[in-house]
Amino acid sequence: MSSNIQVQRICQYCGTEFTARTTVTKYCSDLCSKRAYKARKRAEKVQKSNTEAKQIKTKPIEQLKAKEFLTVTDVSKLIGCSRQNVYKLINTGKLKATNILEKKTIVRRCDLNKLFAEPDYSNFMGIEKQIKEMYNWKQAGAFDITDCYTINEVLEKYSISETALHNLIKRESIPKIKKGWYAYVPKQIIDELLT
């Protein structure tokens, strides 16, 4: 059944205006129709290729997460840092590793997990230092700072070398208290020993 309709349309491929015989015609010619079909198929292939590439990129990470023993390169990919940073973690002792060959370092997965599960001891170390300072103050007989000399004051007053003073403090077990930049020793004990 032929149609006597003549409709002005714009080709969806080349954009030129043409006269169509149906209301659903999209292209001005058979050539534009074939080119549009090829472009559509090409776009589908590109989309398929991109999704495959994404799967290939994420697949190694999933495989790395399942491995029990990891190389330095694997660890760097998992935690998102350079190999050099992984070696720094190993050298500082934060991450346990084993050399199985001359240039082959292996990290256990559980050791890597411990790195991120390890509690923060920095605050604890500060408390421990304060406890040690309090113990030193008790050993010093809880002397007040005004009743103490700094190391430099002792050196100036008694004209003694720094090495000799440190040896004396060590030999006589003189309590030495560190506060900030200065180290203090009790005046009474120093005066008795050096006069």
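Atom-to-atom distance recorded for Thr150:OG1 and Leu155:CG is 8.0 Å, nearest 0.5 angstrom. Residue Glu192 holds its CD atom at 11.0 Å from CD of Glu172, rounded to the nearest 0.5 Å. Separation of atoms CG (Leu168) and CD1 (Ile160) is listed at 6.0 Å; rounding is to 0.5 Å. Going from atom OG of Ser33 over to atom NZ of Lys26 covers 9.5 Å, rounded to the nearest 0.5 Å. To the nearest 0.5 Å, atoms CZ (Arg35) and CZ (Arg40) are separated by 15.0 Å. In this structure, CG on Leu78 lies 5.5 Å from CZ on Arg109, to the nearest 0.5 angstrom.
Among Ile189, Val154, Ile151, the single residue meeting the side chain to side chain contact (heavy atoms under 4.5 Å, CB included) criterion with Ile169 is Ile151.
By the side chain to side chain donor-acceptor pair (under 3.5 Å) test, Arg108 is found to be paired with Asp111, residues two or more places apart in sequence or in another chain being considered. Annotation: side chain to side chain contact (heavy atoms under 4.5 Å, CB included) contacts of Lys41 (sequence neighbours excluded): Tyr37, Glu44.
A donor-acceptor pair is defined here as one N or O able to donate and one able to accept, closer than 3.5 Å; no such pair exists between the side chain of Ser49 and the backbone of Val46.
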Item to check | Audit row: Leu112, Leu95, side chain to side chain contact (heavy atoms under 4.5 Å, CB included) steps and yes/no | outcome: CA-CA 7 Å; Leu112 182 63; Leu95 181 62; 4.2 Å; yes
Checklist entry - Step by step, would you call Leu165 with Val185 a side chain to side chain contact (heavy atoms under 4.5 Å, CB included)? => result CA-CA 11 Å; Leu165 178 61; Val185 287; 5.9 Å; no
Checklist entry - Could you walk me through whether Tyr149 and Asp191 pass the side chain to side chain contact (heavy atoms under 4.5 Å, CB included) check? => result CA-CA 10 Å; Tyr149 291 124; Asp191 289 339; 3.0 Å; yes
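For Val107 against Lys96, the heavy-atom pair with the smallest separation is CG1-O, 3.7 Å. For Cys148 against Glu153, the heavy-atom pair with the smallest separation is O-OE1, 4.1 Å.
The shortest side-chain heavy-atom distance between Ser76 and Asn85 does not fall under the 4.5 Å cut-off. Inter-residue side-chain proximity for Leu89 and Val75 is flagged as unmet; no heavy-atom pair is nearer than 4.5 Å. In this structure, the side chains of Ile106 and Thr71 come closer than 4.5 Å at one or more pairs of heavy atoms.
Tyr27 and Val24 are not part of a single hydrophobic cluster, where members link through side-chain heavy atoms under 4.5 Å apart.
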Please tabulate, for the side chains in residues 9-18, all donor-acceptor contacts under 3.5 angstrom to protein atoms that are two or more places apart in sequence or on a different chain.
residue : atom : partner : partner atom : Å
Arg9    : NE   : Thr25   : O            : 3.3
Arg9    : NH1  : Thr23   : O            : 2.6
Arg9    : NH2  : Thr25   : O            : 3.3
Glu17   : OE2  : Gln8    : NE2          : 3.0

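Annotation for Lys67: atom NZ counts as buried by contact number, over 12 foreign heavy atoms lying within 6.0 Å.
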